[in-house]
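As structure tokens, the structure follows; a few thoughts come after it.
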Amino acid sequence: MKTRGIWIVLALVAVGVVILLSWRRGGPRVPRTYRYDVDEYLEAEKQVPLPYKESARWPLALREPRAVAVKGDGRVVVVGDRVALVLDDAGEELRRIELSDEPRCVAVADVVYVGLLDRIVVYGLDGEKQAEWESLGEQAYLTGLAILDGDIFASDYGQRVVWRFDAEGKMRGRIRSASKTDGFVFPSPTFDVAADGDGLWVINSGRRRVEQYSPEGKRGTMWGRSSMELDGFSGCCNPTHIVVMPDGRFVTTEKGLPRVKVYAADGTFAALVAGSEQLGQDAGLLDVAVDAAGRILVLDAADRSVRVFEKSVSL
Amino acid sequence: MDVNEKQTSRREVLRLVGRVGVLGCLASLAGMLTGRLRGGCIEAGPACKGCPDQDGCDLVTPPTVWQLDPAKCTNCGQCATDCVLAQSAVRCFHTHALCGHCKLCFGYFEPGARVLSSAAENQLCPTGAIQRRFVEDPYYAYTIEKDLCIGCSKCVHGCSMFGNGSLYLQVDHELCKNCNECSIARRCPANAFERVPVSEAYLLKGQGEEEGN
Ligand code: SF4
Ligand code: SF4
Ligand code: SF4
């Protein structure tokens, strides 16, 4: 009887210790004033209708996918590690092209232009290397490529310029910051470029806007505003990537609060394609491409996949 | 088996256990002494002054110190609350070489701050430990007043989420007591704490570039 009593006391003490320890494991309550709080913005995102839905996800056999581009016939090129993958329009791998160095950006027309840190290398879609253009110098840090009327434009974060080359790799000019007081600002390597019939669209991420340039480098219209609200761009340096849709609208991606959004041709906010809930808080940099059918292909580096978003309701 | 035989064998077993116990204690005591008696010293004291074996002596300098891996930290805020010191030994460090010198710094301003001024209501640091200085339009420099920092990680969270991650937490050896069992490490949900050799006392971001506050 006595032994039984001792056992009961011991058991009660053990339970008490376990409760005490697990309570301490959670640590003392961290005061609310120490919390970095963006809940309000995450909550607002959840209230917004999503006119696009994810229709497919193509896993990539890459450790660090970097950039994505689409050819007019639907073939997709993804670069990362030291390879360029050519995929069909369903994400099946058609070809794997070995690269001499780590790729940073990519554009595709009849050939594939791969931007390495300081130069562009040209490959046929059959995997044959066709040319390697000259280095742009030690300061070069290429972050985006676009093709306009056969010329190749390369944004260079390291030197804060957009280089213009002809198809043979001959330099035809450069687009510099348009103004000393209102020019390019890039706190981080988020300097992308896209092209359409209206010219070039260059991200000026430190000013949270998109600027239009003629191929000769004359600045035209601008759009985008700095805001945590859904229609603006938040953080120190957003948007991070941009592409023009076949109908002239834009798709942009953002870091911080990861977002993929559509803007009308005049720069007014049109739709949220995917937000933090769909992309995850740690999505990192998201490159984006749009195919001829209007499907939005988001390169999710954290997930190592291409995520395909298609319109489910008309905008 | 008769009862006497049973009792004898139980006594022998107990005796055996006792002997093993005593031997075990003696062995560990001997081990401890040989470990501590390196160079004939038992503890650090005035005699250490001028001793040629001082460098690397376990009694004088603990061989390892606590650091946290900034890449693992999830900014839970417990570094501010869990240290044995009233004001945590974990402080905010800033690698200026990684900083974008943003006008709109998400490590400095509350998310959604309407006016980019240094007014207290716009600053996110609960103790006002971050100093903002204009460099040239549109660039600003940020420095941490270490004495004011409580290691709450709020600025670190904003900077790593929206910026370049140049702000990060680290254990400051000028303050840390180097507890055998760090009370923050014990409860860190990211298992970010580790012991590092004294010779490489700081895990800093962008090592070799620039560090400090
Ligand atoms: S306890 Fe761990 S996760 Fe939390 S702030 Fe400190 S290092 Fe970061
Ligand atoms: S926000 Fe917290 S961690 Fe950052 S400087 Fe202020 S007290 Fe230190
Ligand atoms: S070792 Fe002790 S003093 Fe140092 S950070 Fe941990 S709890 Fe604080």
Side-chain angles (χ1 to χ4, degrees), chain A residues 21-42 44 157 177 179-191 204-208 225-230 232-238 240 254-259 276 280-285, chain B residues 74-83 88 92 98-114 116 123-128 136-140 142 149-167 169 183-190:
Chain A
L21 281 180
S22 45
W23 176 69
R24 286 299 292 161
R25 279 247 155 243
R29 228 177 274 266
V30 173
R32 209 181 153 70
T33 44
Y34 297 179
R35 257 195 82 215
Y36 190 75
D37 193 357
V38 287
D39 288 357
E40 154 192 8
Y41 305 103
L42 298 176
Y157 160 75
S177 193
S179 132
K180 266 217 160 91
T181 51
D182 193 30
F184 291 149
V185 178
F186 301 110
S188 62
T190 46
F191 183 19
N204 191 348
S205 57
R207 296 193 187 277
R208 269 83 54 195
R225 74 180 185 102
S226 181
S227 168
M228 295 290 281
E229 310 298 331
L230 206 52
F233 297 120
S234 63
C236 70
C237 12
N238 271 318
T240 61
E254 289 163 59
K255 65 170 187 164
L257 293 174
R259 288 169 175 168
S276 301
Q281 268 291 289
D282 302 319
L285 294 185
Chain B
T74 53
N75 306 306
C76 73
Q78 284 174 210
C79 272
T81 53
D82 283 17
C83 183
S88 177
C92 179
L98 294 179
C99 179
H101 298 96
C102 311
K103 182 175 183 175
L104 173 53
C105 170
F106 273 66
Y108 182 81
F109 290 111
E110 280 288 3
R114 302 230 175 272
L116 302 188
Q123 294 183 35
L124 63 67
C125 176
T127 63
E136 60 168 13
D137 191 49
Y139 300 107
Y140 286 76
Y142 297 89
C149 177
I150 52 169
C152 73
S153 199
K154 197 174 178 186
C155 61
V156 176
H157 197 164
C159 179
S160 55
M161 190 171 175
F162 289 98
N164 291 354
S166 56
L167 296 171
L169 293 184
S183 106
I184 310 175
R186 198 147 38 99
R187 289 190 282 265
C188 169

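Numbers restart at 1 for each chain; the letters A, B, ... are given by sequence-line order, proteins then strands.
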What is the minimum heavy-atom distance between [X] and [Y], and which atoms define it?
X      : Y      : result
A:Y36  : B:H157 : CB-ND1, 3.5 Å
A:K255 : B:G163 : NZ-O, 3.4 Å
B:C102 : A:C236 : SG-CB, 3.4 Å
B:D137 : A:T181 : OD2-O, 3.8 Å
B:T81  : A:P31  : CG2-CD, 3.9 Å

Given a strict heavy-atom distance threshold of 4.5 Å, which part of [X] is in contact with chain A: side chain, backbone, both, or neither?
X      : result
B:P126 : side chain
B:I150 : side chain
B:C125 : neither

Is it the side chain or the backbone of [X] that comes within 4.5 Å of chain B heavy atoms, both, or neither?
X      : answer
A:D282 : neither
A:Q281 : side chain
A:S227 : neither
A:V185 : both

Seminar exercise, completed: Exactly one of A:D39, A:D37, A:V38, A:L257 clears side-chain contact (heavy atoms from CB on, under 4.5 Å) with B:P111, and that residue is A:V38
For this session: Tell me, out of B:F162, B:F109, B:Y139, who's got the most heavy-atom pairs with chain A below 4.5 Å.
Result: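 Ranked by contacts with chain A, first place is B:F162.
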Exercise. From B:L104 CG over to A:C237 SG, what is the distance, rounded to the nearest 0.5 angstrom?
Worked result: 9.5 Å
Exercise. How long is the gap from OH on A:Y34 to CG on B:N75, to the nearest 0.5 Å?
Worked result: 15.0 Å
